[in-house]
Colleague: 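I'd like to ask some things about the structure below.
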Amino acid sequence: MSDNKPDKAVIQSLISEAMSAREKAYAPYSKFYVGAAVLADDGRVFQGCNVENASYPAGSCAETIAVNKAVSEGVRTIRAVAIVGGHQKGAVDDYIYPCGICRQVISEFRAPEGTMIIVARSTEDYRVYDISELLVGAFTLKE
Ligand code: THU
């Protein structure tokens with residue numbers, strides 16, 4: 001896990017944002033409801049939920065939607081991403097880790113000092129990683 005000592009209040013507020021995002025999840029096929037919240041370097045927070053489609057591959061993950069919302073509003077550096085999810089609406093029983101594609105999507109906008117990935121079961125029960133721990137040797141074209 002990350003050695004960073006991020007501010008607990010910031011983490012808890014980001015988890016709450018992810019939980020609120022999760023309420024909007026559109027997941028009639030998997031019935032797996034995910035919420036994510038991105039904290040940008042300028043302090044703005046962007047929420048995302050998973051959005052599925054009858055043509056299954058056309059669906060999107062919560063994290064990717066949150067990142068793409070941020071980037072399309074001008075963000076280029078992400079400080080943290082909180083993620084919550086599970087099958088039961090309104091309840092979270094396990095930590096949900098970002099899928100491989102979402103790890104790559106987040107990594108594209110990682111901060112030089114690190115980008116926290118917070119996987120949470122509640123605002124009191126969470127784990128914090130750095131994206132570099134979850135995506136070792138990330139592919140990049142940046143110099
Ligand atoms: N999902 C996410 O939103 N984020 C992840 O990191 C993993 C999976 C969604 C995609 C799909 O709508 C549902 O969870 C089941 O895979």
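Throughout, numbering of the chain's residues begins at 1 and tracks the sequence. As the structure lists them, so they are numbered: ligands from 1, and atoms in each ligand from 1. Heavy-atom basis, side chains included; hydrogens, waters and symmetry copies ignored.
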Colleague: Would you say Ile15 ends up clustered with Val45 if hydrophobic residues are merged whenever their side chains have heavy atoms under 4.5 Å apart, either directly or through other cluster members?
Modeller: yes
Colleague: Do the non-hydrogen side-chain atoms of Thr140 and Arg110 ever get within less than 4.5 Å of each other?
Modeller: yes
Colleague: If you count heavy atoms of other groups shown closer than 6.0 angstrom to NZ of Lys24, is the number above 12?
Modeller: yes
Colleague: Any luck finding a side-chain donor-acceptor pair between Ser132 and Asp130 under 3.5 Å?
Modeller: yes
Colleague: Would you indicate whether the side-chain heavy atoms of Arg22 and Val92 approach each other to under 4.5 Å?
Modeller: yes
Colleague: Report all protein residues having a heavy-atom distance below 4.0 Å to some atom of ligand 1; order the list by chain, then number.
Modeller: Ser30, Phe32, Val34, Asn50, Glu52, Cys61, Ala62, Glu63, Tyr97, Pro98, Cys99
Colleague: Would you call Lys8 and Glu124 a salt bridge, using N to O less than 4.0 angstrom?
Modeller: yes
